[in-house]
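Structure record follows, encoded as structure tokens.
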Amino acid sequence: MIPDKIKIEILTPGKKVLSDEVDNVMLPGLKGYFGVFPGHTPFVAALKTGEIKLGSEKDGDLFAAGSGIAEVQPDSISVLVETCENASEVDVKRAEAARDRAQSRIQEGRKSWDLGRAEAALLRAINRLKVASAG
Amino acid sequence: MATLKDIKRRIGSVKSTQQITKAMKMVAAAKLRKSQERLLDARPYAEGLANILSHVAAQTQPGINPLLEEREVKNICYLVISSDRGLCGSFNANVNRTAKTEIDSAKESKSVKSIVFGRKAFEFFSRREYEIEEKFINLFNDLEFKHAVDVSRLLQKLYVERKFDRIMIVYNRFKSAGTQVTTIEQLLPVKPVVVEIESQYQPVDFIFEPSAKEILDEIIPKNLNVQIWRTLLESSASEHGARMVAMDAATENAQEMIRGLTLKYNKARQAAITTEISEIVGGAEALQG
């Protein structure tokens, strides 16, 4: 039987961000956003930096997440991401500072390894700001 | 014989030392609680990741990822995790001695280098002129996940570039506030994990997006990050536990010393009074006679 709710856990290395039951979830897959409803077939997906949106009767919660991985089972989803915060918890000043710092680093254009990190940092900062303004 | 004044001064100095050890014990207890909490908070993520890794690994060929690849071992690296500060009993001595024994025995047939995390391990191995590939010191005060990521990135780079064929880690595992277990584990190559699958659904049914290989490429470095993060937290909690116990013993010893000195002080005082009285009595008797 297909359950009508799906359990979701969002975990980061620092802490458990969320443990809840929802109607559906939207996740930022590497190849684009995808939605998960209860009864989904078992599924493992890599996630990129983006938004996680929970659907429930209440207003859907919005999260800014770093890259990670999600494991989907018919009745549960585990989302393991590097960072994750609720739209209301985003520190806008810090994200703006991080964005500016990353931008100036990219312009300086140092070693390729640093460039990759700066680009990732820039994506994270932009994502946080976007979520904060939407939330 | 020590004069009354001398004994009094010693009592004073032991007392002030005792105050310091007492304060250090309480600070260690507070820090222990904090790092224990962090350790507990980190656990669900680590377990979740290990779980997914076992699902994916069950469906892929070994050798699909460079960090899984076993090679003939010629160069070994030991990652030694100690603390930055002393006054924590045998905490650092244990981990340093264990690492040294391991390194010395490995040295007989292979080339060995070490990476040290924590000032105490750095001092120990650099004083003995061991080859140190990299050092990470003075980070425990504000330990963050990104420090673990830095270490993990370095290890991956060294392994993929074939600078080392095996990377081991030596650290104090946190068992309880009073007990630490010095542990040696293999970090790289990643050993295939076997985790029991508790789910009612068969792992064979998994769909991977993108491919299993790409998922593996994502998960294995992340798993290494988390593993290193966990050992750092374990070591940090162990350090505070060890310090708490050491400072508790020191406070008790100081108490014991104060007791002994007070006894000595009172005896000396009594002796002085007795001498004084007998002198007075002797003087009075001499006058009468």
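Order of the sequence lines sets the chain letters (A, B, ...), proteins ahead of strands, with each chain counted from 1. Only this structure's heavy atoms are used, side chains among them; waters, hydrogens and symmetry mates stay out.
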Query - Toward chain B, the part of A:L30 with a non-hydrogen atom under 4.5 Å - result: side chain

Requested in this report: Could you pull out the closest heavy-atom pair between B:P44 and A:L11, with the gap in Å?
Outcome: O-CD1, 3.6 Å

Report task. Return the option, out of B:K222, B:E37, B:R230, with the maximum number of heavy-atom pairs under 4.5 Å with chain A. Result -> B:K222

Query raised in the report: What parts of residues 120-128 of chain A touch chain B if we use heavy atoms and a cut-off under 4.5 Å?
Result: none

Report summary line: d(A:R117 CZ, B:K146 NZ) to nearest 0.5 Å is 9.0 Å

Report summary line: Heavy atoms of B:F206 and A:V44 approach each other most closely as CD2-CG2, 3.5 Å

Report summary line: Interatomic distance, CG@A:L80 vs CD1@B:I219, rounded to 0.5 Å, equals 8.5 Å

Query raised in the report: Has B:E131 got more than 12 heavy atoms of other residues, nucleotides or ligands less than 6.0 Å from its CD?
Result: no

Query raised in the report: Distance from B:E209 atom CD to A:I69 atom CD1, nearest 0.5 Å?
Result: 11.5 Å

Query raised in the report: Contact part of A:S76 toward chain B, heavy-atom cut-off under 4.5 Å: side chain, backbone, both or neither?
Result: neither

Query raised in the report: A:G68 and B:E218: which non-hydrogen atoms are nearest, and at how many Å?
Result: O-OE1, 4.0 Å

Query raised in the report: Taking atom CG of B:L40 and atom NZ of A:K15, what is their separation to the nearest 0.5 Å?
Result: 15.0 Å

**Report entry** Over 12 non-hydrogen atoms of neighbours within 6.0 angstrom of CZ in B:R71
**Finding:** yes

Report summary line: Tightest non-hydrogen contact, residues B:I215 and A:A46, listed as CD1-N, 3.6 Å

Query raised in the report: Looking at side-chain heavy atoms only, is the closest gap between A:V72 and B:I207 below 4.5 Å?
Result: no

Query raised in the report: Counting only heavy atoms not in B:R85, do more than 12 sit closer than 6.0 Å to its CZ atom?
Result: no

